[in-house]
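Atom set for the values below is all heavy atoms of this structure, side chains included, hydrogens, waters and symmetry mates excluded.
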Amino acid sequence: QVQLVESGGGLVQAGGSLRLSCGASGRTFSRYTMAWFRQAPGKEREFVAAINWSGGSTNYADSVKGRFTISRVNAKNTLYLQMNSLKHEDTAVYYCAAKGAYGLATGPREYDYWGQGTQVTVSS
């Protein structure tokens with residue numbers, strides 16, 4: 001089991017930046033592939049970015065490529081999402097997720113553990 005808690009969300013103007021954090025407790029954080037997903041009102045949960053256990057391999061949704069950066073510090077049991085050049089359409093609840101198997105999966109069903117989410121609102 002791993003418990004995940006997101007933080008860092010808030011209200012920001014379009015073009016601004018935010019950094020989300022996801023703290024993990026429980027079993028060894030470095031064993032897990034980690035990811036960020038987001039869900040806007042009335043829409044399905046969608047993949048944002050994923051990172052492998054070492055941080056050496058990442059995957060991004062086309063909509064955030066070049067603007068968002070996923071990273072992790074295993075010694076701190078923490079996952080990050082640096083979000084730059086934010087757009088109104090980035091407004092959503094952002095969730096971190098973990099899975100034990102290898103592979104930078106993009107489907108929510110591939111992930112075993114989820115945080116409660118943090119709201120990001122980008123004003124236009």
Side-chain angles (χ1 to χ4, degrees):
Q1 291 280 346
V2 62
Q3 292 79 41
L4 304 172
V5 179
E6 302 95 337
S7 62
L11 174 64
V12 64
Q13 289 187 336
S17 299
L18 278 177
R19 188 176 80 158
L20 305 183
S21 299
C22 174
S25 60
R27 294 180 64 182
T28 306
F29 176 70
S30 62
R31 293 180 180 178
Y32 294 92
T33 295
M34 301 296 297
W36 288 98
F37 288 79
R38 66 187 182 187
Q39 188 166 17
K43 295 187 177 181
E44 292 186 353
R45 192 165 299 190
E46 67 171 357
F47 171 77
V48 174
I51 189 167
N52 75 333
W53 68 273
S54 69
S57 183
T58 57
N59 187 23
Y60 293 93
D62 287 344
S63 59
V64 307
K65 204 170 291 185
R67 300 188 297 123
F68 291 9
T69 302
I70 189 171
S71 62
R72 66 191 297 165
V73 178
N74 288 340
K76 294 184 176 181
N77 284 6
T78 305
L79 174 74
Y80 300 100
L81 184 69
Q82 178 66 44
M83 305 186 294
N84 298 329
S85 302
L86 282 160
K87 305 175 181 179
H88 178 67
E89 51 264 43
D90 294 319
T91 296
V93 177
Y94 283 70
Y95 299 90
C96 68
K99 71 181 186 78
Y102 290 114
L104 301 177
T106 61
R109 295 184 179 182
E110 307 261 0
Y111 290 80
D112 305 307
Y113 305 102
W114 292 85
Q116 294 298 308
T118 185
Q119 176 71 47
V120 172
T121 303
V122 184
S123 62
S124 55

Supply the atom-to-atom distance [X] [atom1] to [Y] [atom2], rounded to the nearest 0.5 angstrom.
X: Thr121; Y: His88; atom1: OG1; atom2: NE2; result: 9.0 Å
X: Ile70; Y: Leu79; atom1: CD1; atom2: CG; result: 5.0 Å
X: Arg19; Y: Gln82; atom1: CZ; atom2: CD; result: 7.0 Å
X: Ser7; Y: Tyr94; atom1: OG; atom2: OH; result: 15.0 Å
X: Asn74; Y: Tyr32; atom1: CG; atom2: OH; result: 12.5 Å
X: Leu86; Y: Ser124; atom1: CG; atom2: OG; result: 12.5 Å

Between [X] and [Y], is there a shared hydrophobic cluster once you connect ILVMFWY residues whose side-chain heavy atoms come closer than 4.5 Å?
X: Phe29; Y: Tyr95; answer: no
X: Phe68; Y: Val12; answer: yes
X: Val64; Y: Phe47; answer: no
X: Val2; Y: Ile51; answer: yes

Do [X] and [Y] have side chains that approach each other closer than 4.5 Å (heavy atoms only, starting at C-beta)?
X: Leu4; Y: Met34; answer: yes
X: Pro108; Y: Gln39; answer: no
X: Val5; Y: Gln3; answer: no
X: Met83; Y: Trp36; answer: no
X: Glu6; Y: Leu20; answer: no

| Do other residues, nucleotides or ligands put more than 12 heavy atoms under 6.0 Å from Lys43 NZ? |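 No, not enclosed.
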
**Asked** Does atom CH2 of Trp53 have more than 12 heavy-atom neighbours from other groups under 6.0 Å away?
**Response**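 Counting neighbours around CH2 of Trp53, 12 or fewer heavy atoms of other residues, nucleotides or ligands fall under 6.0 Å, so no.
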
Given Lys87 and Asp90, is the salt bridge (Lys or Arg N to Asp or Glu O under 4.0 Å) satisfied, shown in steps?
CA-CA 5 Å; Lys87 305 175 181 179; Asp90 294 319; over 6 Å; no

Could you pull out the closest heavy-atom pair between Ala105 and Ala50, with the gap in Å?
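For Ala105 versus Ala50, the nearest heavy atoms are O-CB, 4.3 Å.
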
Going by the side-chain contact (heavy atoms from CB on, under 4.5 Å) test, name the single residue among Cys96, Cys22, Ser21 that passes it with Tyr80.
->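 Among Cys96, Cys22, Ser21, the one meeting side-chain contact (heavy atoms from CB on, under 4.5 Å) with Tyr80 is Ser21.
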
Judged by atom type as modelled, is there a donor-acceptor pair below 3.5 Å linking the side chain of Thr91 to the main-chain atoms of Val122? yes

* To do: Say whether, by atom type as modelled, one donor and one acceptor occur between the side chain of Arg72 and the main chain of Asn52 under 3.5 angstrom.
  => yes

Would you call the rings of Phe37 and Tyr111 parallel, tilted or perpendicular, taking 30° and 60° as the class edges?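 Perpendicular, since the angle between the ring planes exceeds 60°.
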
